[in-house]
Amino acid sequence: MVYNNKKKRTKTADGPLYDFTAYTECKAKPEGPLYSGGILKGKRPASVDGSDTGLGDSGASSGVYSPAFLLRNLSQTTVYCFSSWVKMEGARPALIRASLKTENETYGCIGTVLARPGCWSFIKGGFTLNSPSNLSILYFENSDDREINVAIASPSLQPFSDQQWRMNQQYIINTKRKRAVTVHVSNVQGERLQGAAVSIEQLSKDFPFGSAIAKTILGNLPYQNWFVERFNAAVFENELKWYATEPKQGKVNYTIADKMLEFVRANKIIARGHNIFWEDPKYTPSWVRNLTSSDLQSAVNSRIQGLMNKYKDEFIHWDVSNEMLHFDFYEQKLGPNATLHFFETAHQSDPLATLFMNEFNVVETCNDMNSTVDAYISRLKELRSGGVFMDGIGLEGHFTVPNPALMRAILDKLATLGLPVWLTEVDISNTLDKATQTIYLEQVLREGFSHPSVNGIMLWTALHPNGCYQMCLTDDNLQNLPAGDVVDKLLKEWRTEKLEGVTDEHGSYSFFGFLGEYKISVDYGNKTASSTFSLSQGEETRHFSIQL
């Protein structure tokens, strides 16, 4: 499958448009290179002797990188987008990793692909450098160190300046998150009214942007007000997890979750259901870990049906089996079809909820071999072929140092599935200082909001007296920390400010607004009219008429 969001234009006055094209099937013949090859145009992969370049060796006994490209004069202030087709020799698939070595540093993974024998597979990724490089080697290797031959076709490396990268983000925001509107004002006879005063205010936003909440929000009116002023979506941090709702067998208690749901309902906030099962045995109730297979099967059936029937139609999503690429407690105990059974039962219990895979280290990095983009896609396709309904792609987003080019490339490949994609638990590691956290948080949020396949973003910033999981937006007194300031800045940037103007000679007033609900008021002479209208995604200008 190919995902291609290219417009008729391929570049602007400020540089090239980013190419969202991606492929997930193995092809008999490779497609042509993106950007006509970029700075790799006309270059062929070769064997590069590390000792000859002064860049050392790759760890192999020969000290030779192969296949590889020798790159010169790479900039620190540039985003480099990389892609290629690869073909391997061998009897079984291999995970191929692209890496980059400079004079100062090795970037161990800038893209991966699960290559299959006998056909061409598409790898897409990229990098930014921590320092400029006069001489670098871009090379390919098998992640499990098997000796295999890899052929390369249609390689591409396209540089984008920081300004060009931001321009491309804004281009997608303007085309996917906003829409042109023309308001027509007339009297009841249909005569257009020139000079009518028009006031337009955005009431709500279409794009779900929210955060985790915990029981600490209950009874805390200042925290509730702070949250509602900013967010239109929520997810419960721990309060719906099995260990929280049934810590002892048969002692099911949803009291806290019910109260949190009342807060959500009272403020017209949508909520994700997180989670039904967590595959990590560390977060599985201790009494569940000790059950035999038949008793365990009975317990999981009761868990799904009890939870889903109680909250039917309440949650827009459910993370069904959390982090199944890293852990497999239930499949070890109940067999390889356990996860499929979870999804089937959840769908039967709440047919309108979107059922999600939810996983970490998919967009955060490509160094985690358990959760490469192809591993995610393969598992999801497996579930779909087994009959899973209404599935969605959940990407946790627990970042340390984001790689925007890699993040975007992975989203491109996931978009080929045609499913809703959400960033579900975004934060930045607390191993970094707050200023650095803030810089990286803005990078991640801009990347998510400006990717056309992303349908929503959730922060993982539930506030506790002792802080937050990794990153807080405020202190204990709800005073913004730097991360909170950047969230407020982006929320303001991604909302239509109040507009005031007058109709032209055609009785019209036009504007460009973010998707969502709007209130419009019109004054003409001694007459006043007001109405509301919805602005949903569409290529055409939205026309709205109001009469006085």
Side-chain angles (χ1 to χ4, degrees), residues 1 3-7 17-22 24 79 81 124-126 165-166 168-179 205-212 231-235 270 272 274 316-317 319 354-365 371 373 376-377 380 390-399 402-428 440-461 486-487 490-491 493-495 514-516 536-538:
M1 187 181 294
Y3 172 68
N4 194 336
N5 191 54
K6 291 186 292 185
K7 301 294 181 181
L17 279 181
Y18 177 82
D19 193 331
F20 289 89
T21 303
T24 52
V79 179
C81 293
K124 193 174 192 185
W165 195 255
R166 287 290 292 271
N168 272 279
Q169 289 177 331
Q170 195 59 49
Y171 176 69
I172 294 299
I173 289 172
N174 288 343
T175 54
K176 293 295 180 181
R177 308 297 184 204
K178 301 177 79 174
R179 190 173 175 184
K205 295 179 288 187
D206 255 10
F207 188 87
F209 189 102
S211 172
F231 301 126
N232 59 0
V235 59
I270 60 172
R272 301 189 73 249
H274 176 78
I316 60 168
H317 303 158
D319 294 329
T354 304
L355 306 182
F356 270 66
M357 274 184 65
N358 192 51
E359 192 58 74
F360 66 93
N361 278 355
V362 182
V363 291
E364 296 96 318
T365 178
S371 53
V373 61
Y376 193 110
I377 289 170
L380 202 146
M390 296 182 70
D391 35 359
I393 295 170
L395 308 170
E396 292 184 14
H398 296 294
F399 289 86
N403 178 347
L406 177 67
M407 180 180 175
R408 188 179 292 189
I410 288 169
L411 289 170
D412 293 348
K413 290 194 79 170
L414 291 169
T416 64
L417 298 171
L419 297 172
V421 178
W422 280 56
L423 304 180
T424 57
E425 304 181 15
V426 173
D427 61 17
I428 307 297
Y440 289 159
L441 177 64
E442 181 168 357
Q443 286 182 6
V444 170
L445 295 180
R446 286 192 182 280
E447 210 50 63
F449 189 70
S450 65
H451 198 284
S453 71
V454 174
N455 286 13
I457 298 175
M458 304 295 292
L459 300 164
W460 204 249
T461 51
V486 83
V487 168
L490 293 176
L491 287 171
E493 183 180 320
W494 298 335
R495 183 185 183 96
F514 284 95
L515 307 182
S536 56
Q537 190 171 335

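- For the pair Arg408 and Trp165, the cation-pi test (distance below 6.0 Å, angle within 45°) is passed.
- Judged purely by atom type and a 3.5 angstrom limit, Asn232 uses its side chain to pair as donor or acceptor with the backbone of Phe209.
- Here the two rings, on Phe360 and His398, have centers that are 6.0 Å apart or farther.
- Between Leu491 and Lys205 there is a side-chain heavy-atom pair separated by less than 4.5 Å.
- The distance from the CG atom of Leu459 to the CG atom of Leu423 is 9.5 Å, given to the nearest 0.5 Å.
- Using a 4.5 Å heavy-atom threshold, the side chains of Ser211 and Trp460 count as separate.
- Counting only heavy atoms from C-beta outward, the side chains of Thr461 and Val426 never approach each other to under 4.5 Å.
- One finds the CD1 atom of Ile173 at 6.5 Å from the CZ atom of Phe514 (value rounded to the nearest 0.5 Å).
- Atom-to-atom distance recorded for Asn174:CG and Ser450:OG is 11.0 Å, nearest 0.5 angstrom.
- Minimum heavy-atom separation, Asp391 to Pro420: O-CD, 3.8 Å.
- Contact record, Thr24 with Lys413: CG2-O, 3.6 Å, taken as the closest heavy-atom pair.
- Atom OH in Tyr376 sits 7.0 Å away from atom CG in Leu414 (nearest 0.5 Å).
- Using a distance-only test at 3.5 Å, with no hydrogens or angles considered, no donor-acceptor pair links the side chain of Lys176 to the main chain of Tyr171.
- Here the closest heavy-atom approach between residue Asn168 and residue Leu17 is recorded as OD1-CA, 3.2 Å.
- Within the 4.5 Å cutoff, no side-chain heavy atoms of Val421 are placed close to those of Phe356.
- A donor-acceptor contact under 3.5 angstrom links the side chains of Asn358 and Glu425, judged on distance only.
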Handout entry: Worked verdict on Phe399 versus Thr365 for side-chain contact (heavy atoms from CB on, under 4.5 Å)
Key = CA-CA 8 Å; Phe399 289 86; Thr365 178; over 6 Å; no
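- Here the closest non-hydrogen pair linking Pro402 and Tyr440 is CD-CG, 3.4 Å.
- Panel note: side chain Arg177, backbone Phe449; a donor-acceptor pair is recorded below 3.5 Å.
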Exercise for the section: Take Glu493 and Arg446 through the side-chain contact (heavy atoms from CB on, under 4.5 Å) test and state the conclusion after the steps. Expected result: CA-CA 11 Å; Glu493 183 180 320; Arg446 286 192 182 280; 2.8 Å; yes
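- Here His451 and Phe20 bring their ring centres to under 6.0 angstrom of each other.
- In this structure the side chain of Arg179 never reaches within 4.5 angstrom of the side chain of Gln537, judged on heavy atoms.
- When atom types are taken as modelled, the side chain of Glu364 and the backbone of Asn361 share a donor-acceptor pair closer than 3.5 angstrom.
- Taken from CG in Leu419 to OG in Ser453, the straight-line distance is 10.5 Å, to the nearest 0.5 Å.
- Under the 6.0 Å cut-off for aromatic ring centres, Phe207 and Trp494 do not qualify, their centroids lying 6.0 Å or more apart.
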Practice task
Determine, stepwise, if the pair Glu359 / Leu395 fulfils side-chain contact (heavy atoms from CB on, under 4.5 Å).
Solution key: CA-CA 5 Å; Glu359 192 58 74; Leu395 308 170; over 6 Å; no
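- Going from atom CG of Asp319 over to atom CE of Met357 covers 10.5 Å, rounded to the nearest 0.5 Å.
- Between Val235 and Arg272, the shortest heavy-atom distance links the atoms CG2-O, 3.7 Å.
- The shortest distance between side-chain heavy atoms of Val444 and Met407 falls below 4.5 Å.
- The two residues Pro208 and Asn455 come nearest to each other via the heavy atoms CD-O, 3.1 Å.
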